[in-house]
4 protein chains.
Amino acid sequence: MKILVTAFDAFNKEPINPSLMMLEALPDELFGHEIVKQVLPTVFGESSALVLQRLSEVEPDAVLCLGQAGGRAAITLERVAINVNDASIADNAGKQPTDEPIVADGPAAHFSTLPNKAIVAALREADIPAQISNTAGTYVCNQVLYAVLHYLSETDLPARATFMHVPYLPSQVLEKPGVASMNLDDMNRALEIAIRVIGS
Amino acid sequence: MKILVTAFDAFNKEPINPSLMMLEALPDELFGHEIVKQVLPTVFGESSALVLQRLSEVEPDAVLCLGQAGGRAAITLERVAINVNDASIADNAGKQPTDEPIVADGPAAHFSTLPNKAIVAALREADIPAQISNTAGTYVCNQVLYAVLHYLSETDLPARATFMHVPYLPSQVLEKPGVASMNLDDMNRALEIAIRVIGS
Amino acid sequence: MKILVTAFDAFNKEPINPSLMMLEALPDELFGHEIVKQVLPTVFGESSALVLQRLSEVEPDAVLCLGQAGGRAAITLERVAINVNDASIADNAGKQPTDEPIVADGPAAHFSTLPNKAIVAALREADIPAQISNTAGTYVCNQVLYAVLHYLSETDLPARATFMHVPYLPSQVLEKPGVASMNLDDMNRALEIAIRVIGS
Amino acid sequence: MKILVTAFDAFNKEPINPSLMMLEALPDELFGHEIVKQVLPTVFGESSALVLQRLSEVEPDAVLCLGQAGGRAAITLERVAINVNDASIADNAGKQPTDEPIVADGPAAHFSTLPNKAIVAALREADIPAQISNTAGTYVCNQVLYAVLHYLSETDLPARATFMHVPYLPSQVLEKPGVASMNLDDMNRALEIAIRVIGS
């Protein structure tokens, strides 16, 4: 199986993005699957254009998008992406759209098509806190997942896709009392487990 | 230097107590210091009696008590212990005292005497979330710290003491959505760092 | 204008549901608008069938559904309803569906059609904490909103609709330390403000 | 009975302090008790000096200090005040002490002497969320309570004292998503109930 895995660069004044560190730690082959890695800019439009270009070039069997959801206490697998960009902070290009559709005349939402619940179960089996999330927000993460799922629904590509959000790293919460974090080793383990489930 | 390190057994229906796992992972000698390890029962009275007995037997230079503060997102170093047992749940012997003094006619509180802020700084330096806490609660943890500090203030023993609370392990929050946790490796690192600071 | 306002009966062992108390406190006419009130059972299927029946009988200009989102700190206006029932607790009839579509072959989601952001702005103007929410969950509340929005999108009815979630009442959090609540007077004010905005 | 009630002016960039609004709403006589009201500046040293001056002038039977603990979800009655000023933000005079004793050679702590648990029980009876707190922090609130309790323990004055912390008002959390608040009417009711219990 060929699996496209994406991550984002750092945003919102954070010096790092754990999803990027996870991507860098990921080997090019895992459990016999070919892993194609792609960093996306945390920019509306550019990120979705780039991931769609890579989709058509790579023709993967599965797409696993990674991103950070600072403040969450668990790995979260996103159930759905909705057709709206509504940013409370500017992206890395200074764009801050309000209530704009991602795809004009696109459906209100697309459900993720990879087995989120099986991934959550496997993560918990490995003692990694994990939950299904019913919102990927309305920022760049949601936009990328919507773009991917919409493209796959509109084309003949057989790939399935989902989004995995990770918490802050411990180093990111040193000055954020009360905010949860997760160790990078556990995040890396989580990514390998997700790929194992996706490829099985 | 000789350092007495204590931890508690599991309580409140949790199958494990990370402080106990940390104690078990701790070597008998670290940074040139002799480490004396003691497990305490999560029982009012018995725990404090045992730690005081060990204090007089071991005659340590420092006492570092470990315990779990489920729900906190960071390692917390306790600033103070107060002279009251007031339990919202029963201990492991079924005791649930309400507003009882730990030491009759003892002072309202004792401050910890080991350098909490230096420990917090060293933990953060190592990218481990850490905070000073101003309450060790009114359960068995606080009672042990109060008992130790009171005993040391009443005797000629030169030992200094403090209490380090750790969050839940990831395995303990699988069914607790939204609750923070910390990796055992990070907890073990935190303990070694605390001992390094205490011994310096 | 004719406005259909719905609320739910109590669920999940809570003795009361603030949305029901809000509905009972609501007059039959407000700001010159006719208010039609309907209590819905917290039961999958029955609740949506009843609200659709009332929709066709009443032929309202607007539908405002109320429900409780215990644990949230603010009034939340729901942006979207998704086509899935996935219950973590049983409903009042003992049903607990897992990953079932609300409408077979229905779209993944419908966006609310009443002006959520104008309602949020008016609530804040009145010093009532309010937020846009991007998930109504996957329980009975989401199911009712999805059913209403789907029905309206499929028929020629011109009505617009949204969902307003309210926090716990203070009386509901007496034994839930750390959990936010909101005063019933503020909830009642919020409902009147929402109706004023909807009718303007 | 003569009851001295204190509150603080606004601090930390908040335009208001609910404790001050509660004090202003309080009548000069309640349940047959004489109420003496005193606003304190949110300034280390000045606040404690002023409250001690008022204590000797007024010779009250009870002292109830009010303050804001933004972020808490319930009214909290403080069990204990500790002998340390350790400020994470500057006070209204720009002072930010670190680990300084409030009273040189004073005891580590004083317990509150008014019946906190009876007040909590009465508040809950009135459907107002209330808890015992084991830390009043290490800012100006704790300093005032420590100063009052220390002065009373050192003199022949028979007065008893405690501290009641209140949450944010709804208007204070409009831009603080997820943060709990409490209605001013409920705070005012809480203050009257506390005075009723204190005077009984």
Side-chain angles (χ1 to χ4, degrees), chain A residues 14-18 21-22 25 68-79 116-135 165-194, chain B residues 14-18 21-22 25 68-79 116-135 165-194:
Chain A
E14 294 289 337
I16 55 175
N17 188 323
M21 299 168 79
M22 294 163 74
Q68 177 181 287
R72 292 188 184 174
I75 300 273
T76 44
L77 276 291
E78 297 297 342
R79 187 195 292 267
N116 283 330
K117 288 205 171 169
I119 296 171
V120 166
L123 292 175
R124 291 185 179 185
E125 184 70 25
D127 282 343
I128 299 172
Q131 304 280 341
I132 299 293
S133 164
N134 294 313
T135 174
H165 264 127
V166 297
Y168 282 126
L169 289 172
S171 64
Q172 294 178 285
V173 302
L174 299 179
E175 306 295 332
K176 300 183 181 86
V179 176
S181 63
M182 184 176 283
N183 182 292
L184 184 60
D185 291 343
D186 286 339
M187 291 185 186
N188 286 335
R189 278 203 305 138
L191 178 52
E192 296 206 357
I193 289 167
Chain B
E14 294 289 338
I16 55 175
N17 188 322
M21 300 169 78
M22 293 163 74
Q68 177 181 287
R72 292 188 184 173
I75 301 272
T76 43
L77 276 291
E78 297 297 342
R79 188 195 291 268
N116 283 330
K117 289 205 171 170
I119 296 171
V120 166
L123 292 174
R124 292 185 179 185
E125 184 72 22
D127 282 343
I128 299 173
Q131 303 281 339
I132 299 294
S133 164
N134 294 312
T135 174
H165 264 126
V166 297
Y168 281 126
L169 289 172
S171 65
Q172 293 178 286
V173 302
L174 299 179
E175 306 295 332
K176 299 183 181 85
V179 176
S181 63
M182 185 177 282
N183 181 292
L184 184 59
D185 290 343
D186 286 339
M187 292 185 186
N188 286 335
R189 276 203 306 138
L191 178 52
E192 295 207 357
I193 289 167

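Residue numbers begin at 1 in each chain, while the letters A, B, ... track the order of the sequences.
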For chain B, which candidate among A/D186, A/L123, A/D185 shows the most heavy-atom pairs at distances under 4.5 Å?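 Most pairs with chain B among the choices: A/D186.
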If you count heavy-atom pairs under 4.5 Å with chain B, which of A/P167, A/G178, A/A130, A/P177 comes out on top?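 Greatest number of close heavy-atom pairs with chain B: A/P177.
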Do you know which of B/E175, B/Q131, B/K176 has the most heavy-atom pairs under 4.5 Å to chain A?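 Highest number of pairs under 4.5 Å: B/Q131.
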Given the options B/G71, B/A126, B/P129, which has more heavy-atom pairs under 4.5 Å with chain A than any of the others? B/P129
Using non-hydrogen atoms and a 4.5 Å limit, figure out which bit of A/L174 sits close to chain B: side chain, backbone, both or neither. both
Measure A/R124 against the heavy atoms of chain B and call it side chain, backbone, both or neither at under 4.5 Å.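 Both backbone and side chain.
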Mark yes when over 12 heavy atoms from residues, nucleotides or ligands other than A/E125 sit less than 6.0 Å from its CD; otherwise mark no. no
For the student: nearest non-hydrogen atoms of B/D127 and A/P170, plus distance: O-CB, 3.3 Å
